[in-house]
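A short write-up of the structure that comes next.
Quantities reported herein were computed from a predicted structural model and do not represent experimental measurements. Numbering of residues begins at 1 and proceeds along the displayed sequence.
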Amino acid sequence: MRSVQLGFSIALIGVLGLLTACGQAAGGTETDFSERPIRVVTTIGMIGDIAQNVGGERVEVTSLMGPGVDPHLYKASEGDVNRLAEADVIFYNGLHLEAKMGEVLEKMEGRVKTMAVTQGIDQSDLLAPPEFEGSFDPHVWFDVTMWMKAAEQVRDTLVEMDPDHADLFRSNAKNYLAELNQLHDYVEAEAERVPEEQRVLITAHDAFNYFGRAYGFEVRGLQGISTASEAGTADVQDLADFIVENRIPAIFVESSVPPRTIEAVEAAARSKGFEVEIGGELFSDAMGDPGTSEGTYIGMVRHNVDTIVSSLLDE
């Protein structure tokens, strides 16, 4: 393992040295992007979806983390480092979501334009759970109105990089933001179909707190905000007790978290004489497969709320 890490470090140093030797300015300010598309690299697919919708034909988007990938645990490969180094701009979530990539992203700054899409969100709007060591909850995309701020950040960055196509970026962003506003209204309307006392969402980890705050759900995750630490037996039993006491009809697995943890909760509840259903799979830290509805941010959010509501209402 030590030799692999050493090899990766050498590769990273080599790539960054090549960038420096080529004289690339931070943010690619010497490049005329009116002559070619902007090479965009994003960490998670939800950001890649923003970049594609806002940038249109003026961007070439690569997202490092595909379906089923957990960004909390993701470590950049040598290939990822090369893709990052060749980018004109890197968009990442920030708020410690990509914790294992921190060193790589830090080293890229000053060589490639690097932007956290959550930068424009007012800190007073962010959740800071005490168990998360004073840091903010990074899962802001589950409040659609907050994710609209991320789209505006991408728009403004692309406008700055390629002012000749500013009108296109602004027009694309306006259309996409209108779609997100409609999405927010849809999620609100669907959530209100569930009686207030039944709006309890139980998932594998605490990714849905912004969703809960925005749309009126009590949210409980077996693991914390990060998946870096495993849930223990006591956590499973405590959550099972809560389910039995409150007669929760359904709990949910996540596409980027192994299902065994929620399956353990289901079994623990059953051992206490209560049958709780696994209501379906939610997309939390990653979208679905490319080419599917769930492979877009809007489709992912619609799938989630549809699955939650239908399971809690037993439709």
Side-chain angles (χ1 to χ4, degrees), residues 65-74 97 99-100 127 129-133 137-139 141-142 190-191 193-213 215-289 292 294 300-315:
M65 304 181 200
V69 174
D70 183 347
H72 300 282
L73 304 178
Y74 188 85
L97 178 75
K100 301 291 186 179
L127 295 172
E131 67 273 15
F132 202 40
E133 301 178 357
D137 183 338
H139 304 93
W141 54 87
F142 283 122
E190 286 299 296
R193 293 177 55 213
V194 182
E196 189 172 348
E197 65 275 9
Q198 291 178 232
R199 291 183 208 159
V200 182
L201 176 60
I202 296 177
T203 59
H205 87 297
D206 249 347
F208 289 86
N209 287 310
Y210 289 105
F211 174 87
R213 183 180 69 178
Y215 306 111
F217 282 78
E218 178 182 353
V219 175
R220 297 208 173 204
L222 180 58
Q223 293 173 259
I225 289 171
S226 172
T227 56
S229 59
E230 290 284 344
T233 302
D235 299 315
V236 170
Q237 292 300 323
D238 287 346
L239 192 52
D241 288 340
F242 175 83
I243 290 167
V244 174
E245 180 181 348
N246 292 277
R247 317 299 290 179
I248 306 298
I251 57 181
F252 301 89
V253 297
E254 300 174 33
S255 66
S256 56
V257 181
R260 64 179 181 274
T261 55
I262 284 298
E263 291 169 350
V265 174
E266 178 194 26
R270 187 184 306 117
S271 72
K272 300 174 189 293
F274 182 75
E275 292 291 335
V276 62
E277 299 289 335
I278 292 184
E281 181 182 66
L282 304 180
F283 296 98
S284 55
D285 290 342
M287 302 190 303
D289 292 327
T292 67
E294 295 82 6
M300 160 190 167
V301 173
R302 288 181 68 100
H303 165 89
N304 282 351
V305 72
D306 289 346
T307 301
I308 292 164
V309 170
S310 64
S311 297
L312 293 181
L313 292 178
D314 194 23
E315 293 181 339

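- Atom CD1 of Ile278 sits about 5.0 Å away from atom CD of Glu263, to the nearest 0.5 Å.
- Remark: Glu266 engages Arg270 in a salt bridge (charged side-chain N to carboxylate O under 4.0 Å, His left out) (not counting sequence neighbours).
- Partners of Ser271 according to the side-chain contact (heavy atoms from CB on, under 4.5 Å) rule, which considers only residues two or more places apart in sequence or in another chain, do not exist here.
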Table please: side-chain donor-acceptor pairs of residues 239-255 below 3.5 Å, with sequence neighbours left out.
{"unit_1": "Asp241", "atom_1": "OD1", "unit_2": "Lys272", "atom_2": "NZ", "d": "3.0"}
{"unit_1": "Asn246", "atom_1": "ND2", "unit_2": "Phe242", "atom_2": "O", "d": "2.9"}
{"unit_1": "Glu254", "atom_1": "OE1", "unit_2": "His205", "atom_2": "ND1", "d": "2.8"}
{"unit_1": "Glu254", "atom_1": "OE1", "unit_2": "Ser284", "atom_2": "OG", "d": "2.6"}
{"unit_1": "Glu254", "atom_1": "OE2", "unit_2": "Thr203", "atom_2": "OG1", "d": "3.4"}
{"unit_1": "Glu254", "atom_1": "OE2", "unit_2": "Ala204", "atom_2": "N", "d": "3.1"}
{"unit_1": "Glu254", "atom_1": "OE2", "unit_2": "His205", "atom_2": "N", "d": "2.8"}
{"unit_1": "Glu254", "atom_1": "OE2", "unit_2": "His205", "atom_2": "ND1", "d": "3.3"}

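- One finds the CZ atom of Phe142 at 7.0 Å from the CG atom of Asp285 (value rounded to the nearest 0.5 Å).
- Scanning all heavy atoms of the two residues, the minimum distance from Ser311 to Gly279 falls at OG-O, 2.9 Å.
- For the side chain to side chain donor-acceptor pair (under 3.5 Å) test, residues two or more places apart in sequence or in another chain that qualify with Arg220 are Glu218.
- Counted by atom type alone, Asp206 and His139 present zero donor-acceptor pairs between their side chains at under 3.5 Å.
- Here the shortest heavy-atom pairing between Gln198 and Leu313 reads NE2-CD2, 4.4 Å.
- Between Met287 and Met300, the shortest heavy-atom contact is CG-SD, 3.5 Å.
- The distance from the CG atom of Leu97 to the CG atom of Asp137 is 9.5 Å, given to the nearest 0.5 Å.
- With sequence neighbours left out, Pro67 forms a side-chain contact (heavy atoms from CB on, under 4.5 Å) with Asp289, Pro290.
- Here Glu277 pairs with nothing under the side chain to side chain donor-acceptor pair (under 3.5 Å) rule; sequence neighbours left out.
- Residues satisfying the side chain to side chain donor-acceptor pair (under 3.5 Å) criterion with Tyr215, sequence neighbours excluded, are His184.
- Under the rule for a ring-ring contact (aromatic ring centres under 6.0 Å, His included), the partners of Phe217 that lie at least two apart in sequence or sit in another chain are Phe211.
- Residue pairs that meet the ring-ring contact (aromatic ring centres under 6.0 Å, His included) test with at least one member in residues 258-289, sequence neighbours left out, are Phe283-His303.
- Minimum interatomic distance between Ala268 and Val236 (heavy atoms only, all atoms of both residues): CB-CG1, 4.0 Å.
- Between the side chain of Ser310 and the backbone N or O of Thr307, at least one donor-acceptor pair lies under 3.5 Å.
- Annotation: salt bridge (charged side-chain N to carboxylate O under 4.0 Å, His left out) contacts of Glu196 (sequence neighbours excluded): none.
- In terms of the side chain to side chain donor-acceptor pair (under 3.5 Å) criterion, residue partners of Glu190 (sequence neighbours excluded) are, by chain and number, Arg193.
- Of all heavy-atom pairs between Asn304 and Phe208, the closest is ND2-CE2, 4.0 Å.
- Atom CG in Leu282 sits 11.0 Å away from atom CG in Asp306 (nearest 0.5 Å).
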